[in-house]
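Structure record follows, encoded as structure tokens.
Note that the numbering runs from 1 along the sequence shown for the chain.
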Amino acid sequence: MITGLVIASVVVALVMRKSGAAMPGQAAFEALVPRTGGERWMAVAMSVSAGVCEEIVFRGLLIAMFTSMGAPRPVAAGLALALFVAGHLYQGWRGMIMVTLAGFSLTMVYFSSGSLVLPIVIHVLVDIRSLLMARPAGRPQPPVREVVGGGAA
């Protein structure tokens, strides 16, 4: 299931990139999209940091905290998910829908595996894909060869 989710995510991203369609929420973090090799390495570091920290806080700490306060596990998970989504408001409504689905999926992986390791790895990979496969505005598109005079190129 997880492998299928990752493969589907990569395929959708590649199709959207090839078609020139914007990914949901992409415009909101346009300034974060790397433009140079150095920025790409920083994007990878940021993705690792975000994946590790967000999973520990939103899947690990908050669910445990709400549960220890007496909330049933599903309610605790829902509250943690709501806070996770609220932290991504900058991505707009379409982006937040995607964040909600991703957060729910990561929560289910956490509950199924009983460990944060797999959700962390998936989160890091999704973030890396989002940043490194995005095409920043202003980046020149590959040149299109025009044939003048009707001859073959």
Side-chain angles (χ1 to χ4, degrees), residues 1-139 141:
M1 178 180 132
I2 295 166
T3 304
L5 180 65
V6 171
I7 290 171
S9 176
V10 170
V11 169
V12 168
L14 288 171
V15 169
M16 290 179 79
R17 182 176 185 188
K18 184 96 172 152
S19 71
M23 291 187 204
Q26 187 70 38
F29 61 84
E30 180 63 35
L32 299 176
V33 177
R35 290 169 174 75
T36 67
E39 288 178 356
R40 286 186 175 282
W41 283 110
M42 293 304 288
V44 170
M46 185 177 71
S47 297
V48 171
S49 174
V52 171
C53 294
E54 289 181 1
E55 291 308 308
I56 289 172
V57 170
F58 293 103
R59 247 60 71 197
L61 176 69
L62 289 179
I63 291 174
M65 183 183 78
F66 290 134
T67 302
S68 72
M69 294 169 59
R73 194 172 184 203
V75 172
L79 291 170
L81 179 59
L83 291 171
F84 178 71
V85 173
H88 294 81
L89 284 171
Y90 68 93
Q91 292 187 18
W93 291 108
R94 286 179 55 198
M96 286 174 50
I97 291 169
M98 299 302 288
V99 168
T100 302
L101 294 173
F104 179 78
S105 298
L106 290 168
T107 301
M108 292 298 99
V109 170
Y110 169 53
F111 285 167
S112 297
S113 68
S115 169
L116 286 173
V117 173
L118 195 51
I120 287 171
V121 170
I122 294 168
H123 192 146
V124 168
L125 293 175
V126 167
D127 284 359
I128 289 171
R129 180 208 45 91
S130 296
L131 286 171
L132 297 186
M133 295 183 76
R135 183 174 284 142
R139 177 176 281 178
Q141 299 296 321

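The only member of Val117, Leu116, Leu118, Val121 that meets side-chain contact (heavy atoms from CB on, under 4.5 Å) when paired with Val109 is Leu118.
For the atom pair Met98 CE and Ser130 OG, the distance stands at 8.5 Å (nearest 0.5 Å). Taken from CE in Met46 to CG in Leu131, the straight-line distance is 4.5 Å, to the nearest 0.5 Å. Between atom CD1 of residue Ile56 and atom CG of residue Leu62 there is a gap of 12.0 Å, rounded to the nearest 0.5 Å.
Applying the ring-ring contact (aromatic ring centres under 6.0 Å, His included) test to residues at least two apart or on different chains, none of the pairs has a partner in residues 34-54. Within the structure, ring-ring contact (aromatic ring centres under 6.0 Å, His included) contacts touching residues 43-75 (residues at least two apart or in different chains) are Phe58-Phe84.
Atom CE of Met42 sits in a sparse spot, with 12 or fewer heavy atoms from other residues, nucleotides or ligands closer than 6.0 Å.
A salt bridge is absent between Glu39 and Arg35: the closest approach of a Lys/Arg side-chain nitrogen to an acidic carboxylate oxygen does not fall below 4.0 angstrom.
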Derivation of the side chain to side chain contact (heavy atoms under 4.5 Å, CB included) call for Thr107 and Ile63: CA-CA 10 Å; Thr107 301; Ile63 291 174; 4.3 Å; yes

Check step by step if side chain to side chain contact (heavy atoms under 4.5 Å, CB included) holds for Leu79 and Leu83. CA-CA 6 Å; Leu79 291 170; Leu83 291 171; 5.7 Å; no

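Judged by distance alone, the side chain of Ser49 and the main-chain N or O of Ala45 form no donor-acceptor pair under 3.5 Å.
Pairing each heavy atom of Asp127 with each of Gly51, the nearest pair is OD2-N, 4.2 Å. Of all the heavy atoms in Glu54 and His123, the pair that sits closest is OE1-CE1, 2.9 Å. Closest approach of Ser113 and Pro119 over heavy atoms only: OG-CD, 4.5 Å. When all heavy atoms of Leu89 and Met96 are compared, the pair lying nearest together is CD2-SD, 3.2 Å. Here the closest heavy-atom approach between residue Ile120 and residue Val52 is recorded as CG2-CG2, 3.7 Å.
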